[in-house]
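Proteins get letters first, then strands, A, B, ... in listed order; numbering begins at 1 in each.
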Amino acid sequence: MKSSKNLFIILIVISLSFLLISGCGQQPTDEIDRDDLNVGMVFEPGNLDPAQSWNGWFVVQSGMGQTLFRLDDNMEVETWLAKDYRQIDELNWEIELPTGVDFHDGQPMDAEAVKNSLKRSLEVNERAPDLLKIDSIDILAEDKLLITTKEPNPALINSLADPLTTIVNADLAAELGEQFAEEPSLTGPYQLANYQPDVEIVVDRNDDYWGQTPQLKEINFRFISDGMSRVMAFQSGEIDIAQNIPTANVDNLKQTSGLDVLSTSSLRVHMAYFNLEHQHLDSLEVRRAIAKAIDRKSLAEQVMDGGAVAGVGPFPLALPFGGDELDAYEHNLDKAADILTVAGWDLGEDGVRQKNGQKLKLTLHTYDDRPELPMIAETMQAQLKELGIEIQVKSVENISSILDEGNFDLAIYSMNTAPTGDPQYFLDLVFKSGASSNFSNFSETEVDQIISQLANTFEVQEQQRLAHQAQERILEKNPNLFLVYPKVNMGVKEGLTGYQVHPSEFYIIDETINWE
Amino acid sequence: MLRKGGIKIAVQKKQLKNKFFSYLSTIDKLSLIGLVIILFFIIFGILAPFLVPNDPIEIDLTQRFLAPNGEFLMGTDHLGRDVFSRLLYGIRTSLSTAFLVLIFSMVVSVIVGTTAGYFGGKIDQLVIGVIDTLLAFPGLVLALVIAGLLGPSLINLMIALAVTHWVGYARIIRGMVMSIKEQEYILAARACGAGDLHIILVHILPNIISPVLVLATLDMGYIILSISGLSFLGLGAQPPTPEWGVMLNAGRPYMQLAPWLMFFPGMAIFLIVLAFNILGDGLRDIFDPRDVA
């Protein structure tokens, strides 16, 4: 009895102390006399070989790796490791390289090294052959390459800005084998100092960098997948840059002195795949009705606190071929209900529509790595309930495996639609029959034709017209719900300069990053 | 003979009942507070449909993040739902789930524990082997694995908890049965020709019921915590079901913007678990004389 009384007192003391702690704010420090930087990232790369899967993104973001070309703030291509390029004819491109660029291990980056690196990317990365369409690479001189494509590839130069083409010392890679993925030799202003998988990645200054000398001595990357933990690490000063701040916290952080949040419209779309093999979702009417019942505007402005723009088609409006002029699925519950009624789905007594004794019940898979997605799912659930569709939300750890196995009715996913500023990429990846991210199993001859036509078009206006046409066809068949285009929010401590907040999400650190 | 036994049991039962109420009067004040809190929660839970001021599931995106006020006693959440209404419905989810888990664990463990303890021998060895193996895993982790394998849903969560939970009781019940079956009155009953089933039901079970009840009360808090914990991790109740752990998790991104989203469900869990624990403590003081000294 005595012990229970003590227990009670202890519990009360503990709960009160939690209240006290939660009331404390943190004190941002003024002094900036540092030559190091801590960065909180969301996703940890599987390893550091930029040619493998999506690892190149981190390798380029961290300032370790570089590509031949890069995208400027307006998503236009400019040279990076390359010095110049020239298109000879539809299939042949000449690329001129600078002299004096060395890999981290001291080997020079000459035409042969670039050729080997590109060939390695083509062998290792399954997305590379479709993206680059390279047939052969010939060395014209020590600083000159001739790239020949199998078929006309107007997006070749854009594609050479994709991190999977990061230039590595391929000879060393061949020598080291798998170990190369843990100690890659690249060209960037920062080089790998310490790699502890699941813990942190540390890079330090590359004193022999070919461009302007980098300023910071050391940069630590930590991987904090939980949004709120990342925000708190940012507030406590544990990290100086926080990738991907959840929108709900943006205003709060902006008001905190010493901290700032930068937003830019991204090239990302949060969307939902319909499983076209599902017995009810193979019907166009059901998909159209669902598309009309979702209020995208409230998703963007309310659920995401204005941190997003309502979705129309596959491409964000920020892109020149984004869906401004497309026929959107306007939110109209009555029309949605009409479509279903005409298609034979009648409201049952329990408020769920049914046809031939089968109820319109669907699952909706989502994941928490992007904290807004489960909320979007829950709102969709409520909006579809009004239409008479019963949705069961399932929040899972590994959405990719669910999508790969086709084990879903509806599944939310988020993708960067044009990391290289080109419409070809996303259409190829998601909407072409049998494409690697075509999880809906969407197959439409007309769309396939437009996509292959696009691949042979060099003229920008014509490209945009075709991209527009493809989107129209896609929206007509509606294999995906395009929900919102989120903005990119990056938390940055005041006093830091030279970081990048880029729509493509490729670049964060380069040689200019420094404390004021 | 048997009839006589029946009368005797009725008398015993009545005595036990009287004893129970007289014990209740001797229960210390702290435990009484626990009991009152629990009763409050149960009543609120049962009457939830009549008490809630707003629909706990309906989303109203125009009323998000309202601080606690006259209309919304505990404010509104990130989708504009009334936190107070969700909290009240959460009582139903949490308590009924915990109750079902407890009842399942009890039934299984009483059957298995008494069988093993009473008959001994090979059955006992087999049962104790299974129990020891299961006990070697950390319970919550095992539940996490099972719930993860079965997929996220409230039913699967109950299965996961029940599967991992009965072993602890079964072990204790087996021990109690083993010591009781050596008592003289069991020998006497056997000498009178009573069968095994009769002895178990009439002479052994009544003797283990009160300690098991204490155990159950003490454990209720732990089960509620496990349910909330697993739901917090996304393995239990799925949206839009109002459940405290789910509410805590949903409120987490807004911890600084709208602290009431985490404060009230957290408080509810804290209170109900505390109440069950102090009540369990009080009951133990009464029913388990070994501890009173």
Side-chain angles (χ1 to χ4, degrees), chain A residues 1-5 7-8 11-12 14-15 18-19 22-23 25 226-232 235 245-253 256 295 297-299 301-305 363-368 371-372 374-383 385-386 391-397, chain B residues 26-31 33-34 55 57-65 77-81 148 151-153 218 233-235 237-241 246 249-259 261-263 266-267 270-271 273-275 277-286 291-292:
Chain A
M1 203 164 90
K2 209 172 182 186
S3 68
S4 70
K5 237 173 219 164
L7 184 75
F8 187 62
L11 282 174
I12 285 188
I14 290 175
S15 63
F18 271 123
L19 282 181
S22 65
D226 179 67
M228 199 59 213
S229 310
R230 212 160 46 246
V231 167
M232 289 199 289
Q235 284 174 321
I245 299 276
T247 18
N249 296 289
V250 170
D251 283 343
N252 188 11
L253 288 176
T256 315
D295 184 359
K297 209 171 159 196
S298 72
L299 290 181
E301 284 164 17
Q302 279 149 343
V303 177
M304 291 194 61
D305 298 281
T363 59
L364 172 60
H365 279 89
T366 180
Y367 56 105
D368 333 320
E372 66 271 19
M375 283 189 278
I376 289 180
E378 224 174 315
T379 313
M380 284 169 68
Q381 181 185 42
Q383 290 176 351
K385 195 182 167 202
E386 285 178 49
I391 297 282
Q392 195 193 352
V393 174
K394 287 191 172 173
S395 191
V396 293
E397 284 276 304
Chain B
T26 64
I27 204 167
D28 63 303
K29 274 179 196 147
L30 196 58
S31 304
I33 294 176
D55 187 326
I57 288 171
E58 201 177 294
I59 289 175
D60 182 354
L61 293 173
T62 56
Q63 296 193 311
R64 307 167 69 222
F65 299 124
D77 71 0
H78 57 290
L79 297 174
R81 296 172 298 202
S153 88
L218 266 173
L233 294 176
L235 288 171
Q238 292 297 303
T241 318
V246 172
N249 190 28
R252 217 166 46 96
Y254 310 102
M255 206 151 81
Q256 294 166 348
L257 188 72
L261 291 189
M262 290 193 84
F263 179 79
M267 250 351 214
F270 168 73
L271 270 180
V273 173
L274 184 72
N277 283 350
I278 56 181
L279 178 69
D281 262 355
L283 288 180
R284 189 176 57 195
D285 290 345
I286 297 165
D291 246 32
V292 174

* Structure fact -> Of all heavy-atom pairs linking B:Leu61 and A:Ser298, the shortest is CD1-OG, 3.5 Å
* **Non-hydrogen atoms of A:Lys394 and B:Gln238 that approach each other most closely** => CA-OE1, 3.9 Å
If you measure from [atom1] on [X] to [atom2] on [Y], what distance do you get to the nearest 0.5 Å?
X	Y	atom1	atom2	value
B:Met255	A:Met228	CE	CE	4.5 Å
A:Gln381	B:Ile59	CD	CD1	7.0 Å
A:Ser395	B:Leu233	OG	CG	11.5 Å
A:Asp251	B:Gln256	CG	CD	12.5 Å

* Asked: Of the backbone (N, CA, C, O) and the side chain (C-beta and beyond), which part of B:Leu79 lies under 4.5 Å from a heavy atom of chain A, both, or neither?
  -> side chain
* Above 12 or not: heavy atoms from other molecules or residues under 6.0 Å from CD of B:Glu58? -> no
* Name the member of A:Asn249, A:Asp368, A:Val303 that forms the most heavy-atom pairs with chain B at distances under 4.5 Å. => A:Val303
* Indicate yes or no for a side-chain donor-acceptor contact from B:Arg64 to the backbone of A:Gln302 under 3.5 Å, with no hydrogens or angles considered. => yes
* Proximal component of A:Val396, with respect to chain B [non-hydrogen, under 4.5 Å] -> neither
